[in-house]
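All values derive from a computational prediction rather than experimental measurement. The figures here come from the full heavy-atom set of this structure, side chains too, leaving out hydrogens, waters and symmetry mates. To find a chain, count down the sequence lines: A is the first, B the second, and so on, and within it residues start at 1.
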Protein chains: 2
Amino acid sequence: MESRINRIKKQLHSRKYKLTPQREATVRVLLENEEDHLSAEDVYLLVKDKAPEIGLATVYRTLELLSELKVVDKINFGDGVSRYDLRQEGATHFHHHLVCIECGAVDEIQEDLLGDVEKVVERNWHFKIKDHRLTFHGICHRCVSKHAEVEQKEHNISR
Amino acid sequence: MESRINRIKKQLHSRKYKLTPQREATVRVLLENEEDHLSAEDVYLLVKDKAPEIGLATVYRTLELLSELKVVDKINFGDGVSRYDLRQEGATHFHHHLVCIECGAVDEIQEDLLGDVEKVVERNWHFKIKDHRLTFHGICHRCVSKHAEVEQKEHNISR
DNA sequence: TTTTAAATTATAATTATTCTAATTTGACAC
DNA sequence: GTGTCAAATTAGAATAATTATAATTTAAAA
């Protein structure tokens, strides 16, 4: 964790930005909640525990800065809120998401599934791809197996 | 166009909704601007020409209703605005987008590029896919060729 | 035509995000 | 260590997008 923060600090410095306490607290919150998909408000509330004097505007500015540096990616899942997701260190592309329309869970796919598709797009549409957003909407593995259980029960009853 | 509206009317009726003049005007605007990616506000302004008494809230409600019916898809390209995009009749999935980071243009890809990827996701993640959102961010063919022109000019000068 | 649930309007309220102006601070030069 | 100053922060106001409310109107079935 410390080394990760140090590397982000260096990234900031190389672009003449400072790692202020507020920024550091924000980064720590993101690292500690790596698997979540926090909104600016969520981050703000969590950062307040570490640095109670921080303002919401600072959180927004910090998240925007981290987006610029490609430390986080900003994404919108269709509710009206932007969410911020840590990018894996060294990853050149944003990872993919599975959004469950039943329970609302958001799972991640770190594998790059789009290599072939991107080749086709670059060749056929003459479009130079810099990044992508890929989200699947459907039913997550937990809800799918919940359905299976229910069906099993119904089957038992009808015997 | 009329037949398309009639089919949408039937879709509404089959779910016990009415095709009010406001809704019809909204659908017409969407059909007339099929290649654009209009925000609710954009739609509102265009509908006002046809039906000046319409309110913005009605446009929002209508667009939400059309989303439910899968006549349009709601999408967000990262500016804070939701945009509404007509789905091709009979298409089971939303089409893909190319967003140019230089000129802001949004182009569409109607081809289904994700067939194979979706099979992999369903098999490996046990996720039942219902829909998807795929957007590429990069440089559109127009801007790419603009770059090429500039390079050509620079080359000519340096001769 | 009448009836009635559904839809609309105008406006207020809410929510997310950005801006502003005054103040504070991190980091470098001395 | 101290002074300096651009960069960053804060609090709060402003803006923009979207949704809710309550009174009124209307599409369409009987």
Rounded to whole angstroms, how far apart are CD on B/E41 and P on D/dT15?
15 Å
Look at all strands and tell whether A/E53 reaches a base, only sugar-phosphate, or nothing, counting heavy atoms closer than 4.0 Å.
sugar-phosphate
Whole angstrom value for the distance that separates C1' of D/dA8 from CZ of A/R15:
17 Å
Please step through salt bridge (Lys or Arg N to Asp or Glu O under 4.0 Å) for the pair B/E32 and B/R28, ending with a clear verdict.
CA-CA 6 Å; B/E32 286 164 9; B/R28 279 184 195 279; 5.7 Å; no
Separation of A/L45 atom CG from C/dT15 atom P, in whole Å?
14 Å
Mind checking if A/T58 touches a base, just sugar-phosphate, or nothing, with heavy atoms under 4.0 Å?
base
Taking atom C1' of C/dC28 as reference, at what distance in whole Å does atom NZ of A/K16 sit?
12 Å
So, taking the atom named OH in B/Y84 and the one named OG1 in B/T62, what distance separates them when rounded to the nearest 0.5 Å?
10.5 Å
Starting at OH of B/Y44 and ending at P of D/dA16, how long is that distance when rounded to a whole Å?
16 Å
Work out how much the helix from C/dT1-D/dA30 to C/dC30-D/dG1 bends between its end axes, five pairs an end, to the nearest 10 degrees.
30°
Report the residue (B/A57 or B/G80) whose heavy-atom-nearest nucleotide on DNA chain D is the more 5′ of the two.
B/G80
Distance check needed: D/dT9 P versus A/L63 CG, whole Å only.
12 Å
Taking atom C1' of D/dA28 as reference, at what distance in whole Å does atom NZ of B/K10 sit?
17 Å
Is there a donor-acceptor pair under 3.5 Å between the side chain of B/D42 and the backbone N or O of B/S39?
yes
Look at A/R23 and D/dT9 and indicate whether a side-chain polar atom (N or O) is within less than 4.0 Å of OP1 or OP2.
yes
With rounding to the nearest 0.5 angstrom, report the NZ to CD distance, B/K130 to A/E102.
8.5 Å
Residue B/T20, side-chain heavy atoms: nucleotide from C/dT8, D/dT10, D/dT18 that is nearest
C/dT8
Result for 5'-nearest mapping on DNA chain D, choosing between B/K18 and A/L56, is A/L56
Under 4.0 Å from OP1 or OP2 of C/dT25: is there any side-chain N or O of A/Q22 that close?
no
Evaluate B/H96 against A/W125 for side chain to side chain contact (heavy atoms under 4.5 Å, CB included), listing each step before the verdict.
CA-CA 12 Å; B/H96 317 308; A/W125 279 266; over 6 Å; no
B/H13 side chain N/O closer than 4.0 Å to the phosphate oxygens (OP1, OP2) of D/dA29?
no
Looking for any heavy atom pair under 4.0 Å, which part of the strands does B/L19 touch: base, sugar-phosphate only, or nothing?
sugar-phosphate
Interatomic distance, B/S67 atom OG to B/R87 atom CZ [nearest 0.5 angstrom]
9.5 Å
Side-chain cluster (under 4.5 Å, hydrophobic types only) that B/V99 belongs to, other residues:
B/I75, B/F77, B/F94, B/V106
Touch check for B/S39, heavy atoms < 4.0 angstrom, all strands: base, sugar-phosphate only, or nothing?
nothing
Just to verify, which of B/H37, B/H132, B/H137 counts as forming a ring pair (Phe, Tyr, Trp, His ring centres under 6.0 Å) with B/H97?
B/H37
Quick note, B/Y17 side chain, CB onward, closest among C/dT17, C/dA7, C/dG26 is C/dA7
B/L38 CG to D/dA17 P, straight-line distance once rounded to whole Å
14 Å
May I ask you to verify if any side-chain N or O of A/Y60 is less than 4.0 angstrom from the OP1 or OP2 atom of C/dT17?
yes
